[in-house]
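Positions are given from 1, in the same order as the sequence printed here.
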Amino acid sequence: MGGEYKSERVTTTTLIWVAILSAVLTFISTMWHAFLPRYAACIFQGLGWIVAEPAEMVGMPFVLLMLLFPFTLRSRRLRDWLGADKLTYLYVIAFTIPGFTNQLEPWNDFYYFACSKGSTATTNPAWKAVIPDFVAVPTKVADALLFGGVKEIPWDAWIGPIFWYYIFIASFGLMGIAVANILRKHWIDIERIPFPHTLLAYQSLVQVQGGEQAKPGRKPFLLGLLVGIVVTAPIGMALIFPWFPDIYAWRTDTCGPGAHWLTGPLASLPLALHFNKHPLPFAIAYLLPLDVLFSCWLFELIYVIAVFVAFQMGYYTALPTTGSCGRLWCPPIAPHFGPPLRFNFIAGGGLLGFTLMSLYLSRGHILKTLKAAFRGLSSSESLEFEKGEPCSYRGTWLMFGIGFILLLVLLLFTGFHFEQAFALVFLSVILWIGQSRLFGLAGVHFESSGAVQWIPRAIWYPRLPEVQGTPSIDLVLGGHIWACPSGRHPCDGWGWSMYAPFSAYSMARLTGVNSRNVFKVLLVSLLVAQFVCLVAFVVGASYYGLTRLHGESFWDANLEWWATSPFAMTEEPPEEWVGHIVGGIFLLMAMTYIHARILWFPHPLGLIVGWMMSFSLFGWWLAFLVAWILKQLTLRLGGSRAYEEVGVPFAGGVVAGYAVIAFIISAAGVVRFFIPF
């Protein structure tokens, strides 16, 4: 399908419809997440996450495609009208929107800034005094959101905070698209980074479009669809109805995304890991390169052995008597954070080393884009180099510059010091480039990696500041930005702005749709979604009240907590842990160098994924191990043809089936918000 489809130039009328559809879906999805019950948080959001940490796979693309599937099966005319182009645009819209309509954005992050003068944010008038009025609404307006029932929304008070925050995320959105434009050819066309989430959605798109390309994988896809439905339905039923048999023990000894705790004899051992039983991690992992799969579970094994050895030497002695989650979350008990191993710190340094090495190995391409942008190439060379690109490199670099300067100026205008504002923007861009590549190669992200956050912590806050006196805006608002949009989660406002364009261009390569058209659709959808979600938040919170909604806003609202929080790092001084991060940087660089020359050497991603805390906490090591075995068997018994025509469509069908049930279960949860049952 890729490289064969000839799409026409996207029209202004089409872009208007893109904007309208994006606005409608954004408003619906934002409120949808607000009405969801607690059980839906990590696996049954329907339009949002259908498996949360560490993948954040979103259901909206699968749901919309599966809603079309029965109709396109019966109507060739509809299939022809949709074509690869409209289906690709639909995927771009449906993938982009959930990144800004989830329980974090806007229900936590926007609320944190806009309501930072509220009574739940701080009772210290000195802290409230440093927050500009254009960032946060007055205390009275913020407090009114707690219980809702606001008859007339004071839009005059909301205009400033809405536009401040919109610029805050939209400027990073421009940079995210620009970065994807710059690296698209090198990552997607040349390296063929898989982006497994997109590849799984592509299986649904192919079946919806029909035709000859759908026939080889039709039966495996339908079988996977059936398996996904049959496997998922009992999970949802058990969570909704207490009387339904808990077949998978989901109501007991289980973390939200499907990680089973250590119980029985295993709990008495010095182990700190869980076992995943969610079906989607196995489907995602099956699409990953074999060397990545092997290296990730190998480093998890190294982690387990190292903890056993450390336990015998007198470290982590509380593990056998600590709760299953506490073994992974709580320093100094947790080997990921506590001395002497601190695996999460090594992995965080590895992520930074991985990012720097990726940029270094792409330096030739990046420099050539700069030459093309600033007349360093002849007209013929530039024309050939930019062939098939979504935008001229001059326009792309201009977009990046506008986004960077706009965000930097916004922070300076808000009161940030230049050095912290510049570091915040620059280092965050660097980090999310690495996170995007990790997402493309392994289908996961590294939550709160500290990969760049250790730099400002070591320079400006070597000792965590005490909450007293009049703080600077760098501390009051910067603490949250460093911890969340900068590095915690792709759905905290910034990261998805890179995930979405890379995923969009990956789908465009698969379907053969013109990347310039995809760029226009992406830009419109992103900017519309980022604005409408903020308006939807104000409307929803004002009418229904945050105490009734699922937004989980309260835990994100305390200024002092974020300002002194060890969330992204640790309370210990830098000299205790900075060596682990620096060691991780150089270890990753060395592994990259060796892997490039010795092919059987473990893939460097193993150090990052295998040693990051969420890989153990949510039991993804098991999915990677099982997927590695299954993929080996598939290739050895049936070859690449069996993998491409049977294995991949089956995995795509499993995800589509799961998404259908997740949508139904989440819809039941939304109905229960209004009609309890």
Side-chain angles (χ1 to χ4, degrees), residues 96 99-100 105 109 113 134-135 163-184 186-187 352 355-356 358-360 362-363 365-374 376 389-437 451-453 455-456 459-460 473-474 477-478 480-482 484-488 490 492-502 505 519 522-523 526-527 529-531:
T96 300
F100 304 97
E105 188 67 89
D109 294 292
F113 290 101
F134 55 79
V135 173
F163 277 97
W164 182 89
Y165 194 77
Y166 178 65
I167 296 172
F168 178 75
I169 58 175
S171 56
F172 202 92
L174 294 178
M175 287 189 286
I177 295 176
V179 166
N181 287 357
I182 293 166
L183 295 173
R184 187 203 68 83
H186 197 267
W187 285 14
L352 180 55
T355 306
L356 297 177
S358 299
L359 292 174
Y360 175 76
S362 303
R363 67 191 184 283
H365 173 77
I366 296 172
L367 290 173
K368 195 171 182 180
T369 65
L370 285 168
K371 290 180 179 180
F374 300 105
E389 289 300 308
C391 179
S392 71
Y393 285 120
R394 178 183 291 273
T396 290
W397 279 104
L398 180 62
M399 181 189 302
F400 181 85
I402 291 174
F404 192 98
I405 293 172
L406 191 60
L407 182 53
L408 180 61
V409 170
L410 179 75
L411 294 176
L412 294 175
F413 184 70
T414 305
F416 282 75
H417 290 89
F418 177 82
E419 62 275 13
Q420 290 212 36
F422 183 87
L424 184 52
V425 179
F426 177 76
L427 292 176
S428 298
V429 171
I430 294 296
L431 176 62
W432 283 112
I433 291 175
Q435 290 274 31
S436 297
R437 187 173 176 87
V452 299
Q453 285 71 23
I455 299 174
I459 295 175
W460 293 297
I473 201 73
D474 303 289
L477 298 182
H480 181 272
I481 299 174
W482 278 116
C484 292
S486 172
R488 180 179 66 173
D492 270 316
W494 282 359
W496 207 262
S497 295
M498 284 195 194
Y499 281 19
F502 277 117
Y505 294 143
F519 162 70
L522 170 69
L523 183 63
L526 182 75
L527 295 179
Q530 288 175 326
F531 181 77

Next on the checklist: Quick check for you: to the nearest 0.5 Å, what is the distance between Asn181 atom CG and Trp397 atom CH2?
Outcome noted: 11.0 Å

Checklist outcome for this item: Interatomic distance, CG@Leu411 vs OG@Ser171, rounded to 0.5 Å, equals 8.0 Å

Item to check | Test side chain to side chain contact (heavy atoms under 4.5 Å, CB included) applied to Phe418 and Leu408, step by step | outcome: CA-CA 8 Å; Phe418 177 82; Leu408 180 61; 4.0 Å; yes

Item to check | Leu407 side, atom CG; Leu424 side, atom CG - distance, nearest 0.5 Å | outcome: 7.0 Å

Next on the checklist: Ring-plane angle category for Trp496 and Tyr499, please: parallel below 30°, perpendicular beyond 60°, tilted otherwise.
Outcome noted: tilted

Next on the checklist: A quick test of your reading: do over 12 heavy atoms of other residues, nucleotides or ligands sit less than 6.0 Å from NE2 of His186?
Outcome noted: yes

Checklist outcome for this item: When rounded to the nearest 0.5 Å, the distance separating OG of Ser362 from NZ of Lys368 is 14.0 Å

Next on the checklist: Within this structure, what is the CD1-CG distance for the pair Ile481 and Asp109, rounded to the nearest 0.5 Å?
Outcome noted: 10.0 Å

Item to check | Tyr166 side chain to Leu527 backbone, donor-acceptor under 3.5 Å | outcome: yes

Next on the checklist: Please evaluate residues Leu183 and Arg437 with respect to the criterion side chain to side chain contact (heavy atoms under 4.5 Å, CB included), reporting the C-alpha separation (whole Å), side-chain torsions for both, the decisive distance (0.1 Å), and the verdict.
Outcome noted: CA-CA 10 Å; Leu183 295 173; Arg437 187 173 176 87; over 6 Å; no

Next on the checklist: Please enumerate all residues that pass side chain to side chain donor-acceptor pair (under 3.5 Å) together with Thr355, with sequence neighbours excluded.
Outcome noted: none

Checklist entry - Between Phe404 and Phe422, how do the two ring planes meet: parallel, tilted or perpendicular, split at 30° and 60°? => result perpendicular

Next on the checklist: Let me confirm one number: the CD-CD1 distance from Gln530 to Ile167, rounded to the nearest 0.5 Å.
Outcome noted: 11.5 Å

Next on the checklist: Centroid separation under 6.0 Å, is that true for the rings of Trp187 and Tyr505?
Outcome noted: no

Next on the checklist: Against Trp494, only a single residue in Trp432, Trp482, Phe168 fulfils ring-ring contact (aromatic ring centres under 6.0 Å, His included); can you say which?
Outcome noted: Phe168

Item to check | More than 12 heavy atoms of other groups within 6.0 Å of Phe134 CZ | outcome: yes

